[in-house]
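One structure is given below, encoded as structure tokens.
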Amino acid sequence: MSYFENVRRIVLRIPRGRAATYGEIARAAGYPGTARQVAWALRGASAQHLPWQRVVGQGGRILLPGDAGMNQRLRLEMEGVLFIGNRVDMKACGFKFPPARTDPKSRRRTPK
DNA sequence: GATATGACGTCAT
DNA sequence: CATGACGCCATAT
């Protein structure tokens with residue numbers, strides 16, 4: 001299992017109309033402190049069926065430079081993500097990842 | 001193994 | 001708010 005695949009899984013669970021930050025994704029994927037690598041993994045995301053537009057920087061800031069950034073904003077607005085100035089309204093559209101469960105009872109799918 | 005590269009994050013100016 | 005320095009770490013060369 002590669003780093004890329006784990007990150008990919010997390011990104012895929014961001015619901016439509018919501019957004020998450022690189023750092024949050026890194027944490028949710030089990031690699032805290034690897035926000036940059038998340039960005040790296042998203043290169044070519046468009047060719048990977050990944051909702052790359054739902055990944056933004058801390059505070060909802062769009063970090064993609066130039067046209068790509070405009071593109072991202074449009075895509076987000078298209079799916080209903082709200083903006084406040086140049087940033088995503090994380091307060092309203094920030095996706096909270098479910099906390100990692102250690103409780104065996106609630107563990108589901110591929111138990112082993 | 002050594003260096004270089006980033007769609008990052010945080011803290012200090 | 002704008003910069004800059006630094007830490008971070010998977011890949012690329």
Side-chain angles (χ1 to χ4, degrees):
Chain A
M1 188 59 81
S2 68
Y3 175 91
F4 179 90
E5 301 218 346
N6 284 313
V7 168
R8 171 177 150 91
R9 250 193 240 141
I10 298 301
V11 173
L12 282 170
R13 350 203 266 226
I14 306 174
R16 206 163 164 285
R18 301 295 223 49
T21 70
Y22 299 93
E24 288 171 340
I25 289 173
R27 278 197 302 279
Y31 303 91
T34 65
R36 297 182 83 147
Q37 290 69 265
V38 170
W40 192 94
L42 287 181
R43 303 163 88 202
S46 46
Q48 315 272 346
H49 305 184
L50 285 179
W52 58 272
Q53 69 273 25
R54 299 182 192 150
V55 185
V56 298
Q58 185 68 16
R61 199 177 253 98
I62 299 252
L63 299 182
L64 259 175
D67 285 352
M70 305 279 113
N71 190 343
Q72 178 174 18
R73 173 160 184 164
L74 284 178
R75 282 174 177 252
L76 287 174
E77 288 181 325
M78 263 195 301
E79 53 181 75
V81 172
L82 301 173
F83 277 74
I84 297 179
N86 306 319
R87 342 202 252 114
V88 169
D89 182 357
M90 295 305 274
K91 183 100 174 184
C93 305
F95 176 64
K96 308 287 190 276
F97 287 97
R101 277 229 162 269
T102 52
D103 179 17
K105 252 189 172 161
S106 46
R107 185 176 298 296
R108 64 190 68 177
R109 196 155 17 240
T110 67
K112 183 176 42 162

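Everything quoted here is computed from the prediction, not taken from an experiment. Reminder, nothing fancy here: chain letters follow the sequence lines and each chain counts from 1.
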Task: Within 45° cone of A/Phe97 ring axis and under 6.0 Å: A/Arg27 NZ or CZ - done: no
Expressed in angstrom and rounded to an integer, what is the separation of [X] atom [atom1] from [N] atom [atom2]?
| X | N | atom1 | atom2 | value |
| --- | --- | --- | --- | --- |
| A/Leu63 | B/dG6 | CG | P | 15 Å |
| A/Leu50 | B/dA7 | CG | P | 17 Å |
| A/Gln58 | B/dC11 | CD | P | 10 Å |
| A/Trp52 | B/dG6 | CH2 | C1' | 17 Å |

TODO: Measure the spacing between CZ of A/Arg54 and CZ of A/Arg75 and express it to the nearest 0.5 Å.
DONE: 10.0 Å
Open item on the list: Base contacts versus sugar-phosphate-only contacts with protein, heavy atoms under 4.0 Å: please encode nucleotides 8-13 of chain C as B, S and - from 5' to 3'.
Closed with: BBSSS-
Task: Transitive ILVMFWY side-chain link A/Val81 to A/Met90, under 4.5 Å - done: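 They do share one cluster, since a chain of ILVMFWY contacts under 4.5 Å joins A/Val81 to A/Met90.
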Task: A/Tyr22 side chain reached by A/Leu42 side chain, heavy atoms, under 4.5 Å - done: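 They are in contact (side-chain heavy atoms under 4.5 Å apart), so the answer is yes.
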TODO: Using a 4.5 Å cut-off on heavy atoms from C-beta on, say whether the side chain of A/Trp52 contacts that of A/Ile14.
DONE: no
Open item on the list: I need the minimum non-hydrogen distance between A/Gln53 and A/Gln72, along with the two atoms involved.
Closed with: O-NE2, 3.0 Å
